[in-house]
Amino acid sequence: MSLPGSQHAVGTDGSDYQHRECIAPHYRASIESKSRLRLLIYSHFLLGFLVFVHILTYHTSLMSTLNVPRPHLWQYIWLNSILSSICGLVSINKNRIFLMKIFFRGTVIFGLGTIITTIIINLSELFTFKKLKTNHQLDELEPQTFFGFPLLSAYSLIADNNNNNNNNNNQQCTKDSCSSITSSTYYVLYDVNHGEGFNLRRDVYIRMANLIHTLRERKSADSNWILVLPPWGPLYHWFSHNLPRTQLKWSNFFDIKSLSRFIPVIEFEDFRQLFTSSSSSSSSSTSQITIPYVYTLQHFSEGWGENFEEKLEIRKCNEESMYEKRNDNYYYGWFFGYDDRIRARQFQCLSAQGFVTVLVDFLIQNITWSDDRNKEQVVKSIMFDRAETLLHVDYGGYNYWRARRSMRYAKQLVDLGNRFRVDYLNSTDLIDRTVLIDDWTKMKRHHSQAMGGPYIGIHLRRRDYIKARPGYVPSLEHAARQVCHHLSRLNLSLTFIATDADENEIDTLRQHAHQLCETSSNQIYTYRPNEKILENILDGGKAIVDQWICAHARYFIGSYESTFSFRIQEDREILGFEQDSTFNRLCGDHEVLLIISLIAIYWFQRKPTLSKPDDIQQTIRNFRIDNGGVKGAGASHEGSFVDRMIHSNKKMVVFYGSQTGTAEDFAQRIAKQAKRYGISAAVCDPEECDMEELQRLIAIDKHLALFCLATYGEGDPTDNAQEFYEWLRENGRDLTGLHYAVFGLGNKTYEHYNAVGKLVDKRITELGGVRVCDLGLGDDDGNIEDDFMAWATIFWQNVCHKYELVINTDGTSMRQYKLVPGPFPVDSVFTGEIGRLKSYERQKPPYDARNPYLAPVTNTRELFQNDCLRSCLHLELDISATNIKYEAGYHVGVFPSNDAALVNRVGELLDVNLDEIISLLNVDEDAQKKYPFPCPCSYRTALTYYLDLTSMPNTQILKEIAQYATDENDKTLLTLMGSYSEEGKIQYKEWILDSCRSIVAILEDLPSLKPPLDHLCELLPRLHPRYYSISSSPKVHPTSIHITAVIVHFETPTKRVAKGVATNCFKELYMKHQAIGCAQHKEGDTCHLPGRLPIFIRKSTFRLPFRFQTPIIMIGPGTGLAPFRGFIQERHFFKNQVKPQGKPVGETILYYGCRNRAEDYLYEEELNYFVKENVLELHIAFSRDQEEKIYVTHLLKDHGAKLWKLIKEDNASVYVCGDAKNMARDVHSILIDIAQTYGNMTSERAAAFIKDLIQKERYSQDVWS
Ligand SMILES: Cc1cc2nc3c(=O)[nH]c(=O)nc-3n(C[C@H](O)[C@H](O)[C@H](O)COP(=O)(O)OP(=O)(O)OC[C@H]3O[C@@H](n4cnc5c(N)ncnc54)[C@H](O)[C@@H]3O)c2cc1C
Ligand SMILES: Cc1cc2nc3c(=O)[nH]c(=O)nc-3n(C[C@H](O)[C@H](O)[C@H](O)COP(=O)(O)O)c2cc1C
């Protein structure tokens, strides 16, 4: 290497050499600094060029469709600095100027060359693509599958590296390091019945992983739960007896890093070594560790009983125990073949029934961890044997899938599977659209995103199945027939079979296929690793390779009730295959006949008679997928909102985060308004979109992303915006150049006013977004309609200015849905279902907001005294026939229905036959939402179950219906209110808001107004569920959910009686129950009463502290008492009813308030009973029983010293429930005052102290306004 100024380097050109020698030192220095400057400029040119190429190719490349993460900017900088260093090195060479020139010119030529090459490649790919498309050879592929392809591998390398770097935050434990181990780290071990195989064991892992997840979710300040992975083997189906078959590590089969992205896990061997090597001097192979508790789970010997009930009880072992007590008083057993190297200090059998999370309370409340008294190796660990006894919690739900998705396979197995696919099956991830990125948490795939390799995958289970399920296992000939049928149908010739059949059987199958298939070129492959590979991957590895190959097939057919097939089906769901290509199975020889006969019978009996016009056909086809209530698939560009936008030439997308519909309504309205400016806008639910695609949106010229986001709870996003919110906050996001605006929806009475809107707006700017309009904030406590309209005006001004748009005044039709008149087949008509058609007739779990459970109401009673003018009802909903679980403090969502009289009144006023069946179909084929509500249905159904008739219509509705008023005055009034002029606003406030005029009142008061009912149905907002704080404890009422609800009933300024929708339903049920003489219920009585309510459970963070001994202070006036009733019941249960002598529970203090003792004192008897039982300390403020008003807040002030002691010294938790507007705010400031007064703090410190309580979940609110 030459040093600066060195004269030893010889150039290729003598004159140049001479020239350089003649340069004076100071001049040389100046040339060098100029060169460096130029060097810098060129390097930056190169950097810019790379970024340009990247952006160009990324947005048109396969990577974006395949979710390959985009490399970071710093990676370019890193690349650039390497190049700069090279330049630097070159420049200090004697021939620096010459070489630099060459280098710089080379750089420019290289740069230009690459641009030209990229353009040529892209053009040629486009050309090829078009050609193939024209020939219909590649109908399924999108253009982006081709563009940018040549750069993909290079990017993937960077992206992989990027991924790996990003994933260091998981908690993977190894022998040498376990980032998460603290003194309060607890290990959960488990084992499964020894007869169970590989596939069921994987299922049990998901259950246990969810147990750990739930334990960790319960943010107990100092607990860290880790799952110990039970070593594999010996397993019945692993036939290679010459290979290692026991104590196999999970890393043989799974990617441990990926598992630990869901919960922290540790291999058993690492766990053992961790605790034997640290303090024992003996070799780790001989040292012993002691597990304090081992439980064998077992069923209750008396069976499940009549009702499903979750329970746990230490019982005598049903079977002979597998753990024996030896003379040293320790228990010894199998322990995965480690025998005496592991022992247990305590062993018992635990009868268990229910979901795996039934163990959560058991672990938290019943297990005490003493320190290592005898210097033996006692690890804070507990083992559950026969873990399969307990059920999945939330089977098929969010965390089920997270656990399942974390079960990525070991890399070597994936590589083997991929190699086989390439070598024999013409299958690669790129072409098959099955690329997975390493970090599953960052992936989102949708059905039909994956195409699969050009082969069918079959799992043919034979061996023991031939005997065990004779009717369902096809003969080899029949299996071949089915293979041929699908090959011909799919126009394929390759088949891959994963099977336990022997070679002779496979040959026979091949022969049948050769004879039966139309294409003689068909090939059937199986995966048979050679000895060396098998030695390496073992039987389990072979099974996974088989599974992997089947999972990537274009079409998969499994075996009847086979857990192996289930695992493949799960993999295909994760990969994003169309469901039809996954959930299939081979039929037994005689099953086909049976099915044909059944179809024939059905066909002849059903006699379809309707000839359907196109629209009806489309309606019928679509409603099965998306009926406006059920979220899910859309049309051809399903999943990719950007593709849908490109397809329908849309520039603007409006996302909404909404719980009760306001934000969704605003989103729809702003999208409608866009039409007036000549822009077409899509409205999207972020939950249904891959929000990573925001990065692709930037490539659309004049794009615009708008977010209407409501805030809930403690500054939290709505359920449907949760994932997006988390995604946005993660590191590594880049939204450079995204044109966006945010309108937040909130309520000033809440502490975290509009927290979500504010954060999203700020964060997108941080990520490089370009704000087109300042953040808008809507306050529901004031006039949110006003806030929105004012903001929308400014928004459109800004957009018009930026994009040079002009308002279109030609009165373009604003209709979003077209009316599709009937007839419709009777069994296709919705009758009030929220989700799936006929879901109320055939109820199927899991139940949630999209699939509510129709719960029988088994008890209703009035809680206020008879002479009280107001009403508050107690309702009991029966969930005994379900697996619905709840905890004290959760909410129950109820879908209400409108009053029949009100519905009929609409029919009368508009003179419409309400029983006419209609469908409303979105005119925009690419819209995410095809129907405004489940369609087809009758007008009556729509008005009763789907549309909100009682709230006050917004200005947009008034503006749109104005055209239907025939009286000029009526029309002028409506137009004025809809115009949003200053005068219009005043009129709207006066005539609609202050007068509480609903749509029915408007129709009544403006008799010339006769909008077509279908248009009105399009305009009215959806009827949303109402939430209630559950007022029971599952410990005391495991099969019922209680509600305590004040009935909403008031007179409006126009002298109309207004009734709350949901509470009016409750009242009607109560009246019916009264009428049939089941009025006098005592707690727990059930009388088989009529009436059901569609319900679902919503979790909440409002829950009792983990330790029973922790004192609790509950503040809940009025119906704010509801969740506390559940809390008190639970504390009473543990104090008195838990065997043998009950648990000591901490102080349980309630501050309750109502108007008068004699009128509206809720649950008086019960509360007094709990006081008598020494469970409850009760303080009541009867506000109107004396001259001076007294509220709970007065009592709190009076008890300041005591409350301070409880909070500060005894670590009490504080709970507030009820009115958000005044009470919750006042309580908050009183708590700050108390901290200031009794804790000698400044007001700032006191506020910080209270804030800290909130963060530690020691001060929780469940409030509504
Ligand atoms: C998390 C949560 C928990 C809840 N828990 C409970 C609970 O345990 N118990 C309970 O009773 N409620 C509870 N609520 C409130 C409940 O969800 C409903 O809002 C309430 O029952 C009214 O529903 P509704 O359908 O009968 O009335 P709606 O049809 O929704 O009508 C209510 C609306 O009527 C209007 N209104 C009411 N009275 C008047 C008046 N005098 N003048 C003018 N306008 C008026 C208000 O705008 C009000 O929003 C809870 C709410 C939330 C969000
Ligand atoms: C239970 C509940 C909690 C709420 N919490 C907050 C909050 O913390 N901060 C806030 O600004 N608004 C809060 N709000 C107000 C809502 O954000 C506001 O009413 C919004 O308009 C609802 O929009 P949506 O109908 O689209 O769900 C809360 C409302 C309810 C009912």
Side-chain angles (χ1 to χ4, degrees), residues 656-667 708-721 743-758 777-782 784-785 787-788 863 870-875 889-899 902 948-952 993-996 998 1021-1031 1042-1053 1057-1067 1098 1100 1102 1116 1118-1126 1162 1217-1221 1224 1261-1265:
Y656 58 86
S658 185
Q659 205 90 326
T660 56
T662 324
E664 183 179 354
D665 179 54
F666 287 172
C708 294
L709 302 169
T711 298
Y712 275 83
E714 278 151 21
D716 304 321
T718 56
D719 293 346
N720 75 321
F743 182 79
L745 292 88
N747 184 317
K748 277 211 174 110
T749 55
Y750 289 90
E751 195 197 341
H752 304 274
Y753 174 58
N754 256 313
V756 172
K758 288 176 187 168
L777 296 180
D779 175 16
D780 205 12
D781 190 40
I784 200 164
E785 170 76 13
D787 298 334
F788 171 69
L863 293 172
R870 294 172 303 132
S871 168
C872 180
L873 291 180
H874 169 89
L875 277 86
Y890 279 12
H891 302 138
V892 56
V894 179
F895 281 98
S897 45
N898 281 312
D899 192 359
L902 208 60
D948 183 344
L949 299 181
T950 56
S951 63
M952 287 158 275
L993 300 183
D994 296 348
S995 315
C996 290
S998 65
R1022 276 293 292 265
L1023 186 56
H1024 283 275
R1026 280 21 179 197
Y1027 291 98
Y1028 295 89
S1029 303
I1030 296 178
S1031 62
H1042 298 187
I1043 288 178
T1044 308
V1046 159
I1047 308 307
V1048 175
H1049 187 279
F1050 59 97
E1051 194 183 75
T1052 70
V1057 171
K1059 296 174 185 171
V1061 184
T1063 50
N1064 185 46
C1065 293
F1066 300 166
K1067 190 77 186 178
R1098 190 173 71 177
S1100 110
F1102 203 70
T1119 44
L1121 173 62
F1124 300 138
R1125 181 172 177 261
L1162 298 176
C1217 181
D1219 167 43
K1221 203 164 182 166
Q1261 302 189 356
D1262 180 20
V1263 289
W1264 59 89
S1265 52

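Only heavy atoms go into these numbers, but all of them, side chains included; no hydrogens, no water, no symmetry mates. Both ligands and their constituent atoms are indexed starting at 1 by order of listing.
Among residues two or more places apart in sequence or in another chain, the side chain to side chain donor-acceptor pair (under 3.5 Å) test is passed with Ser1100 by none. The side chain to side chain donor-acceptor pair (under 3.5 Å) test applied to His891 returns Arg1098, Asp1262, not counting sequence neighbours. By the side chain to side chain donor-acceptor pair (under 3.5 Å) test, Asp716 pairs with no residue at all, sequence neighbours left out.
Ligand 1 has an N or O atom lying under 3.5 Å from an N or O atom of Val1061, backbone or side chain. The shortest N or O to N or O distance between Cys996 and ligand 1 is not under 3.5 Å. Between Thr1063 and ligand 1, a contact under 3.5 Å exists for at least one N or O pair. Remark: ligand 1 and Ala1062 share an N or O pair separated by less than 3.5 Å (distance only, no angle test). Considering backbone and side-chain atoms alike, Tyr1028 places an N or O below 3.5 Å from some N or O of ligand 1.
Side-chain atoms of Lys758 never come within 3.5 Å of backbone atoms of Leu777 as a donor-acceptor pair (strictly under, hydrogens ignored). Of the possible donor and acceptor atoms, one in the side chain of Asp787 sits under 3.5 Å from a partner among the backbone N and O of Asp779. In this structure, the side chain of Gln659 engages the main chain of Asp719 through a donor-acceptor pair within 3.5 Å. A side-chain donor-acceptor contact under 3.5 Å links Asn720 to the backbone of Ser658. Within the 3.5 Å criterion, the main-chain N or O of Ala667 finds no donor-acceptor partner in the side chain of Asp665.
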Stepwise side-chain contact (heavy atoms from CB on, under 4.5 Å) test for Phe1050 and Thr1052: CA-CA 6 Å; Phe1050 59 97; Thr1052 70; 4.1 Å; yes
side-chain contact (heavy atoms from CB on, under 4.5 Å) between Glu751 and Glu714, intermediate numbers included: CA-CA 8 Å; Glu751 195 197 341; Glu714 278 151 21; over 6 Å; no
Candidate pair Asp781 and Lys1221, rule side-chain contact (heavy atoms from CB on, under 4.5 Å), full reasoning: CA-CA 8 Å; Asp781 190 40; Lys1221 203 164 182 166; 3.0 Å; yes
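Shown in contact with Val1046 at under 4.0 Å from a heavy atom are these atoms of ligand 1, numbered in order with element: 11 (O). Heavy-atom proximity to Ala1122, at under 4.0 Å, picks out these atoms of ligand 1: 8 (O).
Looking only at heavy atoms of the protein, atom 31 (O) of ligand 1 is closest to Gly1060 CA, 4.1 Å. Shortest contact from atom 34 (O) of ligand 1 to any protein heavy atom: Phe1050 CE2, 4.0 Å. For atom 8 (O) of ligand 1, the closest non-hydrogen atom on the protein side is Ser1029 N, 3.3 Å. Closest protein heavy atom to atom 17 (O) of ligand 1: Tyr1027 O, 2.7 Å. From the protein, the heavy atom lying nearest to atom 9 (N) of ligand 1 is Thr1044 O, 2.8 Å. Regarding atom 19 (O) of ligand 1, its nearest protein heavy-atom neighbour is Arg1026 CG, 4.6 Å. Of the protein's heavy atoms, Trp1264 CE3, 3.3 Å lies nearest to atom 3 (C) of ligand 1. At the shortest separation from atom 22 (C) of ligand 1 among protein heavy atoms lies Val1048 CG2, 3.7 Å.
Atom 46 (C) of ligand 1 is not flagged as protein-proximal [any protein heavy atom, distance under 4.0 Å]. For atom 11 (O) of ligand 1, the nearest protein heavy atom is under 4.0 Å away.
Taking all atoms of both residues into account, the shortest heavy-atom contact from Leu709 to Tyr656 is CD2-C, 4.2 Å. Pairing each heavy atom of Cys1217 with each of Trp1264, the nearest pair is SG-CZ3, 3.6 Å. The nearest pair of heavy atoms linking Cys872 to Thr1044 is SG-CG2, 4.0 Å.
Ligand 2 lies under 4.0 Å from heavy atoms of Ser658, Gln659, Thr660, Gly661, Thr662, Ala663, Ala710, Thr711, Tyr712, Gly713, Gly715, Leu745, Gly746, Asn747, Tyr750, His752, Tyr753, Asn754, Asp780, Ile784, Val1263.
When His891, Arg1125, His1024 are checked for heavy-atom proximity to atom 1 (C) of ligand 1, His891 turns out nearest.
Ring geometry for Phe1124 versus Phe1102: interplanar angle of 30 to 60°, hence tilted.
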